[in-house]
Amino acid sequence: MALVKNQTLISHFILLGLFNHTPLHLLLFSTIMVMFLVALSGNGLMILLINTDSRLHSPMYFFLGWLSLMDLMLISTIVPRMAIDYLLGHGSISFTGCGLQILVFVTLLGDECFLLAFMAYDRYVAISNPLRYSVVMSSRVCWLMVALCWLSGLVDGLIQAIYTLSFPFCGSQEIDHFFCDIPAVLKLACADTSLCQTMIYVCCVIMLLLPFSVISISYLLILITVLRMHTAEGRKKAFATCSSHMAVVSLFYGAAMIAYMRPQTYHSSKQDKVVSAFYTMITPMLNPLIYSLRNKEVAGALKKLLDC
């Protein structure tokens with residue numbers, strides 16, 4: 001709980017949500033719920049296929065399975081709470097609950113940033129050094145990479161959650177968002193948050209640009225390798241193995257950079273809600289579709305499962 005100037009304790013916040021109760025917003029809410037169900041089933045099915053089909057027991061699909069799990073956790077952290085608030089007509093969330101939501105949300109975002117970087121490195125090794133691929137990307141190395149993803153995301157989440165909720169909150173308890181997004185929460189603080197905002201901005205830049213640099217370098221090296229290939233078929237196959245990952249990176253990093261790397265003066269609550277909805281709902285729904293539509297191995301595993 002947060003201590004305010006008159007020595008009273010704030011035990012909860014009020015989330016204003018994404019929609020109101022107009023017919024148009026009811027339609028949009030129904031669409032979001034369909035997207036949520038698609039994301040749950042798509043990512044859940046991807047995890048099932050990767051764990052049950054031996055053809056998908058490779059580093060690329062190992063990382064893809066973790067990406068699907070992170071997407072499941074991310075959308076489950078936000079959408080069920082938002083749906084309950086909308087249906088009940090109020091969005092009360094406890095101070096502790098808000099802190100936990102910030103912690104889980106920021107942790108998962110950091111996890112995905114680093115995981116996408118390791119997935120890019122995996123594609124670089126597979127294309128540039130195929131003979132040593134199984135040695136470089138051994139099971140032990142893959143598990144260490146995933147552990148590093150979770151550790152870096154958790155550290156970032158703890159720093160941002162603790163720092164954000166260390167401020168006194170007074171006046172309005174209404175968070176103009178559909179979840180406890182840090183910039184929206186900080187607007188309610190009755191203290192100077194400029195240093196905190198700067199620190200969070202720096203954290204976001206590091207957590208986004210460091211993995212993005214790894215992705216950019218990996219794909220630059222992949223491009224150099226592909227251009228040196230003598231056959232068009234080899235180039236086509238190399239680009240095909242990277243296209244799904246590049247699409248996912250574009251969706252995730254595009255939305256995340258717009259959301260967290262803009263200066264605060266360029267933020268508006270409506271824009272923040274739209275961008276947040278994109279990478280917390282739309283991206284987790286699209287990721288399994290992107291990876292399955294053009295992937296013959298995933299399609300084959302799905303057909304095998306359905307034939308059983």
Tell me whether F212 at atom CZ has more than 12 heavy atoms from other residues, nucleotides or ligands lying less than 6.0 Å away.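 No, the 6.0 Å shell around CZ holds no more than 12 heavy atoms from other groups.
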Measure across [X] and [Y] and return the closest heavy-atom pair with its distance rounded to 0.1 Å.
| X | Y | result |
| --- | --- | --- |
| A117 | P211 | CB-O, 3.5 Å |
| S128 | P130 | C-CD, 3.5 Å |
| R123 | Y133 | NH2-OH, 3.4 Å |
| I75 | A39 | CD1-CB, 3.6 Å |
| T283 | Y279 | OG1-CA, 3.6 Å |
| L116 | V248 | CD2-CG1, 3.9 Å |

Please test L48 against L305 for side-chain contact (heavy atoms from CB on, under 4.5 Å), starting from the C-alpha separation and ending with a verdict. CA-CA 10 Å; L48 176 64; L305 181 66; 3.9 Å; yes
Could you pull out all residues at least two apart from D111 that satisfy side chain to side chain donor-acceptor pair (under 3.5 Å)?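 Partners of D111 by the side chain to side chain donor-acceptor pair (under 3.5 Å) criterion come out as none, since no residue qualifies.
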Non-hydrogen side-chain atoms of [X] and [Y] separated by less than 4.5 Å:
| X | Y | result |
| --- | --- | --- |
| M199 | Y163 | yes |
| L72 | S68 | no |
| F36 | P80 | yes |
| E112 | D71 | yes |
| L69 | N43 | no |
| C113 | F252 | yes |
| L108 | T77 | yes |
| K236 | T231 | no |

Verify side-chain contact (heavy atoms from CB on, under 4.5 Å) between F178 and S276, making sure each step is shown before the conclusion. CA-CA 9 Å; F178 58 93; S276 297; 4.0 Å; yes
Table please: side-chain donor-acceptor pairs of residues 146-160 below 3.5 Å, with sequence neighbours left out.
from	atom 1	to	atom 2	distance (Å)
S152	OG	L148	O	2.9
S152	OG	C149	O	2.9
D156	OD1	Q160	NE2	3.0
D156	OD2	Q160	NE2	3.2

If we ignore angles and hydrogens, is there a donor and acceptor under 3.5 Å between the side chains of N129 and Y124?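 Y124 and N129 do not have a side-chain donor-acceptor pair below 3.5 Å.
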Using disulfide (SG to SG under 2.5 Å) as the criterion, list what pairs up with C98, not counting sequence neighbours.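 Listed in chain order: C180.
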Would you please test M145 and F114 for side-chain contact (heavy atoms from CB on, under 4.5 Å) and show each step? CA-CA 9 Å; M145 286 179 170; F114 280 91; over 6 Å; no
Which value, rounded to the nearest 0.5 Å, describes the distance between [X] atom [atom1] and [Y] atom [atom2]?
| X | Y | atom1 | atom2 | value |
| --- | --- | --- | --- | --- |
| M70 | L109 | CE | CG | 11.0 Å |
| I222 | L227 | CD1 | CG | 12.0 Å |
| M119 | S244 | CE | OG | 9.0 Å |
| L45 | I50 | CG | CD1 | 9.5 Å |
| I206 | S213 | CD1 | OG | 11.5 Å |
| H177 | I182 | NE2 | CD1 | 11.0 Å |

Are the charged groups of D181 and K273 less than 4.0 angstrom apart, N to O?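 The answer is no: the pair does not qualify as a salt bridge.
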Starting from [Y], can I reach [X] by hopping between I/L/V/M/F/W/Y residues whose side chains sit under 4.5 Å apart?
| X | Y | value |
| --- | --- | --- |
| L195 | V202 | no |
| L15 | L103 | no |
| F167 | I14 | no |
| F95 | V104 | yes |
| I84 | I93 | no |

Fit a plane to each ring of W66 and W143, take the angle between them on a 0 to 90° scale, and name the class: parallel (under 30°), tilted (30 to 60°) or perpendicular (over 60°).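 Rings of W66 and W143: perpendicular, as their planes differ by over 60°.
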Sequence-distant partners of R81, salt bridge (charged side-chain N to carboxylate O under 4.0 Å, His left out), two or more places apart: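 D85.
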Has the side chain of R228 got a donor or acceptor atom that lies under 3.5 Å from a matching backbone atom of L223?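 No, the answer is negative, given that no donor and acceptor are paired below the 3.5 Å cut-off.
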If only atom types and distance count, is the side chain of Q173 paired as donor or acceptor with the main-chain N or O of H12 below 3.5 Å?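 Yes, because the side chain of Q173 sits within donor-acceptor range (under 3.5 Å) of the backbone of H12.
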Out of the candidates Y253, Y219, Y291, only one should pair with H245 under the ring-ring contact (aromatic ring centres under 6.0 Å, His included) rule; please name it.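 Among Y253, Y219, Y291, the one meeting ring-ring contact (aromatic ring centres under 6.0 Å, His included) with H245 is Y219.
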By ring-ring contact (aromatic ring centres under 6.0 Å, His included), which residues pair with F278, not counting sequence neighbours?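 Testing F278 for ring-ring contact (aromatic ring centres under 6.0 Å, His included), a comparison that skips the adjacent residues, returns none.
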Side-chain donor-acceptor pairs of residues 23-35 under 3.5 Å, sequence neighbours excluded:
from	atom 1	to	atom 2	distance (Å)
H25	ND1	N20	N	2.9
H25	ND1	N20	OD1	3.1
S30	OG	L26	O	2.9
T31	OG1	L27	O	2.9

I'd like to know whether I200 forms a side-chain contact (heavy atoms from CB on, under 4.5 Å) with T164, so could you lay out the CA-CA distance, the side-chain angles of the two residues, the decisive distance to 0.1 Å, and finally the verdict. CA-CA 9 Å; I200 290 174; T164 298; 3.7 Å; yes
Output, in order, the C-alpha distance, side-chain angles, deciding distance and verdict of side-chain hydrogen bond (donor to acceptor under 3.5 Å, both in side chains) for Y61 and D53. CA-CA 11 Å; Y61 294 109; D53 196 300; over 6 Å; no
